[in-house]
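Throughout, a chain's letter reflects where its sequence line sits, starting with A, and its residues are numbered from 1.
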Amino acid sequence: MPNTKKTKKDFFDKVYEIVAKIPKGKVTTYGAIAETCGIRSAARTVGWALNSAKNTNLPCHRVVNRIGALTGKNHFGNPMLMEELLRAEGIEFTKDNFVNMSKHFWHPKRVNK
DNA sequence: AAGCTGACCTCGC
DNA sequence: GGCGAGGCCAGCT
């Protein structure tokens, strides 16, 4: 691939693009985003990206881990805020407080090829 | 300045 | 099938 420069910052930028495009009432996972960015092992970095995204208007609450648990709820300031936001969007939760991934899982598509 | 941590995931034994 | 370690990027101490 040409790969002119594709700095690492591009990774962050892509994460924001994807997260910003998450439809209402849908959720995605860190791994999906990381994979869409081209690096599935960078799922961790995705979390960091959201950490900064927290400062932006990105719906970071729509991003959960692979099992559908709100791992980052603690970082929202109010743990229950995340659940409230998701419920307000129509996301359904299981008895274990896990998001119903089978129903609201949204797979991001590669914006740039 | 260097090293560790952090909202994870996947592969290996 | 369960447990362990590795890997990615950026920010903070």
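- Distance from the side chain of Thr45(A) is smallest to dC9(C) among dC8(B), dA7(B), dC9(C).
- Listed pair Thr29(A) / dC8(B) fails the phosphate criterion, with no side-chain N or O lying under 4.0 Å from OP1 or OP2.
- When rounded to the nearest whole Å, the span between CG of Asn65(A) and P of dC8(B) equals 7 Å.
- The separation between Ile33(A) atom CD1 and dT10(B) atom P is 13 Å, rounded to whole Å.
- Here dA7(B) presents its P atom at 19 Å from CD1 of Ile22(A), a figure rounded to the nearest Å.
- More than 12 heavy-atom neighbours from other residues, nucleotides or ligands sit within 6.0 angstrom of CG on Asp96(A).
- One can place CZ of Arg44(A) at 11 Å from C1' of dA5(C), the figure rounded to the nearest angstrom.
- The distance from atom OH of Tyr30(A) to atom C1' of dC9(C) is 15 Å, rounded to the nearest whole Å.
- Among the heavy atoms of the strands lying under 4.0 Å from Arg66(A) are primed sugar atoms or P, OP1, OP2 only; no base atom is included.
- Atom CD of Glu35(A) and atom P of dC8(C) are 16 Å apart (whole Å).
- The shortest heavy-atom contact between Thr29(A) and Asn65(A) is CG2-O, 3.5 Å.
- Taking every side-chain heavy atom of Arg40(A) into account, dC11(B) is the closest of dC11(B), dC8(C), dA7(B).
- Taking atom C1' on both nucleotides, dA7(B) is separated from dC3(C) by 23 Å, rounded to a whole Å.
- Remark: of the listed residues Lys24(A), Arg62(A), Lys26(A), Arg62(A) is the sole one forming a side chain to side chain donor-acceptor pair (under 3.5 Å) with Glu89(A).
- For Phe11(A) and dG11(C), the CZ to P distance is 13 Å, given to the nearest whole Å.
- Separating the CG atom of Leu50(A) from the C1' atom of dA10(C) is a distance of 13 Å, rounded to the nearest angstrom.
- The shortest distance between side-chain heavy atoms of Thr36(A) and His107(A) falls below 4.5 Å.
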